[in-house]
Q: 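Below are the structure tokens for one structure; questions will follow.
All of these numbers come straight from a predicted model, not from anything done at the bench. Position 1 is the first residue of the sequence; numbering continues from there.
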Amino acid sequence: MKCSVVVDYPSGDDSLSVGVRKYVAGELVRMYLPAMQEENGEAPVYKGSMADGKALVDFYGNMNNVYLKAQYAELKELGIAGLSYDLSIRKTYETDRYLTYETSCYVFLGGAHGSAVCYPVNIVKATGKVLVATVDTLKQKALQPILRRGVKEYISKAENRKIKDSDLQNMLFVEHGIIPLPTTVPVLTPEGLRFVYQQYEIGPYALGMVEFTVPYADVKLCLTQEAAELALE
């Protein structure tokens with residue numbers, strides 16, 4: 001059994017540090033194991049100082065460890081071992097205008113396989129707030145060629161074979177051939193706009209988390225004003 005929580009937690013009282021700490025605390029609540037398992041498990045409330053990152057992380061880490069131990073006690077008689085909860089909330093890169101944090105979590109509580117999530121976000125340096133929108137959702141139709149190309153490139157690389165446009169309808173869980181925008185807001189990166197689809201969001205488990213990065217030259221007309229100002233010089 002393994003329970004691991006790793007967090008990049010800033011010090012300081014400036015708006016960016018305060019904003020990142022608020023984001024991290026929110027992610028620790030969202031990734032509380034009982035809630036993730038759809039058991040209506042309300043996350044316990046940390047009442048200590050937000051400036052004490054170790055205390056905050058230890059608080060939620062211990063709560064998740066207690067839950068994991070309880071699950072292990074129930075399952076060990078069935079011969080199920082290797083239960084795990086691995087959570088990381090890390091800063092992945094930074095520019096002079098924004099930084100990017102990424103929440104990644106893998107959980108195995110028995111069964112055929114575990115489950116994983118990946119939630120990257122941009123945090124605006126000037127305000128310390130999470131960038132809540134990068135793509136104009138009204139332009140989903142215009143984005144279809146870009147989304148289809150990105151998905152095909154991901155699958156082709158994963159399966160080491162060329163995927164044709166006509167293959168996608170049978171490989172994806174999509175209606176009328178329309179690939180939706182991911183529920184996770186696409187994030188700005190130095191290389192372009194990164195799209196991440198969660199497990200089962202547009203395809204079977206075997207497809208994994210479909211992700212790809214699109215150059216800004218291809219998506220600049222579909223960016224929100226704030227995203228364009230942050231990403232483009």
Side-chain angles (χ1 to χ4, degrees), residues 1-4 27 30-41 64 67-68 71-72 74-75 78-90 92 100 102-121 134-135 137 139-187 189 191-215 218-219 222:
M1 190 187 77
K2 177 185 177 184
C3 182
S4 172
E27 289 299 276
R30 175 160 73 147
M31 305 310 292
Y32 180 52
L33 256 174
M36 289 182 68
Q37 299 307 308
E38 298 182 358
E39 297 179 7
N40 297 319
N64 285 307
Y67 179 82
L68 201 62
Q71 294 298 302
Y72 178 71
E74 293 182 8
L75 296 173
L78 301 176
I80 298 176
L83 303 190
S84 66
Y85 172 82
D86 291 284
L87 172 66
S88 70
I89 307 173
R90 309 297 301 268
T92 55
T100 299
E102 185 169 306
T103 297
S104 298
C105 188
Y106 176 80
V107 176
F108 177 70
L109 296 177
H113 54 71
S115 60
V117 296
C118 176
Y119 302 127
V121 298
T134 54
V135 174
T137 56
K139 296 184 178 180
Q140 180 172 297
K141 184 176 180 181
L143 281 166
Q144 284 305 299
I146 294 169
L147 297 177
R148 296 181 76 84
R149 182 171 69 245
V151 172
K152 284 190 296 181
E153 289 175 352
Y154 168 86
I155 298 175
S156 294
K157 184 176 181 179
E159 299 192 358
N160 195 28
R161 65 187 181 94
K162 187 173 180 59
I163 300 297
K164 298 182 295 184
D165 198 74
S166 58
D167 296 329
L168 291 183
Q169 188 61 36
N170 294 326
M171 301 182 75
L172 303 179
F173 302 154
V174 297
E175 295 183 3
H176 310 297
I178 302 297
I179 298 176
L181 289 168
T183 55
T184 301
V185 175
V187 290
T189 78
E191 294 76 32
L193 193 64
R194 180 186 176 203
F195 293 77
V196 179
Y197 291 88
Q198 304 304 312
Q199 290 179 334
Y200 296 112
E201 188 172 356
I202 59 171
Y205 178 84
L207 201 59
M209 285 183 281
V210 176
E211 71 164 279
F212 50 88
T213 299
V214 180
D218 294 345
V219 294
C222 297

Q: Taking the side chain as every heavy atom from C-beta outward, state whether V135 and V219 have any pair of such atoms under 4.5 Å apart.
A: no
Q: Calculate, to the nearest 0.5 Å, the distance between atoms CE and OH belonging to M209 and Y154 respectively.
A: 8.0 Å
Q: Please evaluate residues M171 and I163 with respect to the criterion side-chain contact (heavy atoms from CB on, under 4.5 Å), reporting the C-alpha separation (whole Å), side-chain torsions for both, the decisive distance (0.1 Å), and the verdict.
A: CA-CA 10 Å; M171 301 182 75; I163 300 297; 4.2 Å; yes
Q: How long is the straight-line distance from CD1 of I146 back to SG of C222, given to the nearest 0.5 Å?
A: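 It comes to 5.5 Å.
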Q: Determine yes or no for a side-chain-to-main-chain donor-acceptor pair under 3.5 angstrom, with Q198 supplying the side chain and C118 the backbone.
A: yes
Q: For residues G82 and F108, report the shortest heavy-atom separation together with the two atoms involved.
A: O-CD2, 3.3 Å
Q: Within the structure provided, determine whether M36 and C105 are in side-chain contact (heavy-atom separation under 4.5 Å).
A: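 Touching, per the 4.5 Å side-chain cut-off.
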Q: Nearest heavy-atom pair of V196 and P182: which atoms, and what distance?
A: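 Distance-wise, the nearest heavy atoms are O-CB, 3.2 Å.
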Q: Working to the nearest 0.5 angstrom, can you tell me the gap between K152 NZ and D165 CG?
A: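 These two atoms lie 4.0 Å from each other.
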Q: Look up atom NZ in K157 and atom NZ in K162, then write down how far apart they are to the nearest 0.5 Å.
A: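 Answer for the NZ-NZ pair, K157 versus K162, is 15.0 Å.
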Q: Less than 4.5 Å apart, any side-chain heavy atom of V121 and any of V185?
A: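 V121 vs V185: side chains apart.
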Q: For Q199 and A116, indicate whether the former's side chain and the latter's backbone hold a donor-acceptor pair under 3.5 Å.
A: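 Flag set: sc Q199 to bb A116 pair under 3.5 Å.
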Q: For E175, does the CD atom have more than 12 heavy-atom neighbours from other residues, nucleotides or ligands under 6.0 Å away?
A: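 Open: at most 12 neighbouring heavy atoms sit under 6.0 Å from CD of E175.
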Q: Would a distance-only check, ignoring hydrogens and angles, find a side-chain to backbone donor-acceptor pair under 3.5 Å from T213 to G192?
A: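 No; zero donor-acceptor contacts below 3.5 Å.
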Q: Measure the acute angle between the ring planes of F195 and F212, then classify it against the limits of 30° and 60° as parallel, tilted or perpendicular.
A: parallel
Q: Going by the angle between their ring planes, with limits at 30° and 60°, are Y205 and Y200 parallel, tilted or perpendicular?
A: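 If you compare the ring of Y205 with that of Y200, the planes turn out tilted.
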Q: Donor-acceptor pair, S156 side chain versus R161 backbone, under 3.5 Å?
A: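 Present.
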Q: Quick one: side-chain contact (heavy atoms from CB on, under 4.5 Å) partners of P204, sequence neighbours excluded?
A: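 P204: side-chain contact (heavy atoms from CB on, under 4.5 Å) contacts with F173, L207.
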Q: Looking at side-chain heavy atoms only, is the closest gap between Q71 and Y85 below 4.5 Å?
A: no
Q: NZ of K141 to CD1 of I178: how many Å apart, nearest 0.5 Å?
A: 8.0 Å
Q: Taking D86 for the side chain and S4 for the main chain, is one N or O donor matched with an acceptor at less than 3.5 Å?
A: no
Q: For G110 versus L83, what's the shortest heavy-atom pair and its separation?
A: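 So the two residues come closest at N-CD2, 3.7 Å.
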Q: Let's go through L172 and Y197 carefully: what are the C-alpha distance in whole Å and the side-chain angles of both, what is the deciding distance for side-chain contact (heavy atoms from CB on, under 4.5 Å) to 0.1 Å, and is it a yes or a no?
A: CA-CA 12 Å; L172 303 179; Y197 291 88; over 6 Å; no
Q: Does some side-chain heavy atom of T92 sit less than 4.5 Å from a side-chain heavy atom of P120?
A: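 The answer is no, as the side chains (C-beta and beyond) never meet within the 4.5 Å cut-off.
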Q: What distance separates L143 CG from I179 CD1, expressed to the nearest 0.5 Å?
A: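 Output value for this atom pair is 11.0 Å.
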Q: As a test of understanding, state which of T100, V187, T134, T184 forms a side chain to side chain contact (heavy atoms under 4.5 Å, CB included) with R194.
A: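 Answer after filtering T100, V187, T134, T184: V187.
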Q: Using the test side-chain contact (heavy atoms from CB on, under 4.5 Å), find all partners of T103 that sit at least two apart in sequence or belong to another chain.
A: Y23, E27, M31, L87, I89, Y119
Q: Taking G177's backbone N and O only, do any of them form a donor-acceptor pair with R148's side chain (distance below 3.5 Å, no angle check)?
A: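 Checked: pair present.
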